[in-house]
Each structure stands twice: as C-alpha cells, then as structure tokens.
Amino acid sequence: MSSGLSPIPEGFVTAIDSLLTIPGGAINRLVTGALEVLTQQKTEKSAPVELVHRTLWEAGYQTADLSSLQSGYRAIQYVYTMAQTKQMSPEELSKAVSCYCSKDTALHKSIVKHWAAVVPVLFDQSKASPVLFKTLKSIDWRVGVSVANDVKGLRHIPFVAFDLQTKNIEGGTSTESFQASLNNFQDFAKEIQAIARVMETM
C-alpha cells in the first residue's frame, strides 16, 4: 500500500494499530507532544509517553503497555516529519493517514486537526486551510476528596473536577466534564504555564 507517507518504516502499521484502542484524550496528548517537538516548543526529553501510560493505567487501561505507546508515539512523529518534509496541507495529510486508519477514528481526527493548527506557522499562510475550532466559553471547577480502602485502611484522595463549556462556529454550546487526580492536575498546570509562556512571546 502506498501513500503520501512513503517510504513506510518497519513496524509503522503495527504501531498505528496499537493506538486505535486507547481513549481520545490520550491520543491527543501523544499527538500534541509530537508536534511540540517538531515545532521546537519542547525537547524530546519531555515526550509525554510515560505520563500517558501512567494515566491510562490508573484509568484501567492495563492493556496499553509502555512499549506499544512508545512505538505509536514514534509513528506519529514519523507522520508529522513526512508531512513537514513534503509540506502537506491538512487535506493531503488526511488522505495519507486514511491509508492506515479510518477517518472516523480518534487518531485520524487528532492528527489532522492538530496539523491544521500548525500549518500556518510552519508554512506559507497561502498553504493553510481555515480550521473551524470550538471556542472556550466558560470553565467551572470543584475540588473534592474520594475515599479508597486498601490494606493500610482508608485513604483520602484529593481530585479536581472540571466542566468546560465550549461554543462552536454556529453558536451551539456543549460541555465536556473530566476529573483529575492531584498528580494529573499538577502536570496539567505545568502545561498551561508552558502555553502561557509561549503565547507571551508572540
């Protein structure tokens, strides 16, 4: 099978397949991590694979082993490296990636969506296609404590719950809710600070 990503390295298809069973949030983190390295916002040492693996493990996805995630992350990096080398538009990348995973999958959607967001930065503005993103309307949060029972007795585990309300291009709204442990939230806070530092330089 040939595509705009040729030549395909050994193990690429298997690596892509390994990402099709994990949640969209984990895929987005791997995808954005690969792009951050490509656009030199972060170094390779900050790759999110171990964090994603730990998060998946805590969420009950024990089948997502670290080795498979590392292979999948390298496959995403290869996709973006080829897209940059060949100066692919989002449409061209979508067609190339669809040879290896369906357009309906979270992996395909994430790869193309995030690529569309950086094309104006990497290439001439004339090569970029307009992307219609949702905009953030409001954030509600609350802190709580869950109780777990183990061999050491009752443990109190702090968490923060978020409700993110977004608005689409047509004016409709939707709410995404998620919960983060203390460690998850600390990692999230660091990412927000990193984003703020980058935006301050623009």
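Computed over heavy atoms, backbone and side chain alike; hydrogens, waters and symmetry mates excluded.
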Considering non-hydrogen atoms only, spot the tightest contact between [X] and [Y] and give its length.
X	Y	result
Leu5	Ala96	CG-CB, 3.8 Å
Val31	Tyr80	CG1-OH, 3.1 Å
Met88	Val119	O-CG2, 4.2 Å
Pro158	His156	CD-O, 3.6 Å
Ile16	Ala75	CD1-CB, 4.0 Å
Pro48	Tyr73	CD-CE1, 3.8 Å

Quick check on the hydrophobic clustering: are [X] and [Y] connected, directly or via other members, by side-chain heavy-atom contacts under 4.5 Å?
X	Y	value
Phe159	Trp141	no
Leu93	Leu20	yes
Val112	Ile76	no
Val160	Val145	no
Leu182	Ile192	no

message: Once side-chain hydrogen bond (donor to acceptor under 3.5 Å, both in side chains) is applied, do any residues pair with Ser68, and if so which ones, sequence neighbours excluded?
response: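 Partners of Ser68 under the side-chain hydrogen bond (donor to acceptor under 3.5 Å, both in side chains) test: Asp65.
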
How far does [atom1] of [X] sit from [atom2] of [Y], to the nearest 0.5 angstrom?
X	Y	atom1	atom2	result
Cys101	Lys109	SG	NZ	11.0 Å
Glu191	Arg29	CD	CZ	4.0 Å
Lys103	Ser98	NZ	OG	5.0 Å
Lys137	Lys167	NZ	NZ	6.5 Å
Ile139	Leu164	CD1	CG	5.0 Å

task: Before giving the answer on side-chain contact (heavy atoms from CB on, under 4.5 Å), spell out for Asp163 and Arg142 the whole-Å C-alpha distance, their side-chain angles and the decisive distance to 0.1 Å.
output: CA-CA 9 Å; Asp163 294 317; Arg142 57 193 178 279; 3.1 Å; yes

- prompt: Is a donor on one side and an acceptor on the other found under 3.5 Å between the side chain of Ser71 and the backbone of Ala15?
  reply: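 It does not hold such a pair.
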
message: With a 3.5 Å distance limit and no angle check, can you tell me whether Thr81 reaches the backbone of Gln77 through a side-chain donor-acceptor pair?
response: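 Yes, Thr81 side chain to Gln77 backbone: donor-acceptor pair under 3.5 Å.
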
query: So, are Arg54 and Asp187 salt-bridged, with charged N and O less than 4.0 Å apart?
result: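 Judged by the 4.0 Å cut-off on N to carboxylate O distance, Arg54 and Asp187 do form a salt bridge.
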
With the side chain counted from C-beta on, respond yes when [X] and [Y] share a heavy-atom pair under 4.5 Å apart, and no when they do not.
X	Y	result
Ser102	His108	no
Thr32	His114	yes
Glu58	Asn184	yes
Ile27	Thr105	no

task: Before giving the answer on side-chain contact (heavy atoms from CB on, under 4.5 Å), spell out for Trp115 and Val79 the whole-Å C-alpha distance, their side-chain angles and the decisive distance to 0.1 Å.
output: CA-CA 10 Å; Trp115 180 247; Val79 167; over 6 Å; no

- prompt: Under 6.0 Å from the CD atom of Gln186, do we count more than 12 heavy atoms belonging to anything else shown?
  reply: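 Yes - once you tally the heavy atoms of other residues, nucleotides and ligands closer than 6.0 Å, there are more than 12.
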
- prompt: How are the rings of Phe162 and Phe185 set relative to one another: parallel (under 30°), tilted (30 to 60°) or perpendicular (over 60°)?
  reply: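 Taking Phe185 first and then Phe162, their aromatic rings lie parallel (interplane angle under 30°).
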
message: Classify the ring geometry of Phe188 against Phe178: parallel below 30°, tilted from 30° to 60°, perpendicular beyond 60°.
response: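 Perpendicular, since the angle between the ring planes exceeds 60°.
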
task: With Leu19 as reference, evaluate Thr21, Asp17, Ile22 under the side-chain contact (heavy atoms from CB on, under 4.5 Å) test and give the passing residue.
output: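 When side-chain contact (heavy atoms from CB on, under 4.5 Å) is applied between Leu19 and each of Thr21, Asp17, Ile22, only Ile22 qualifies.
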
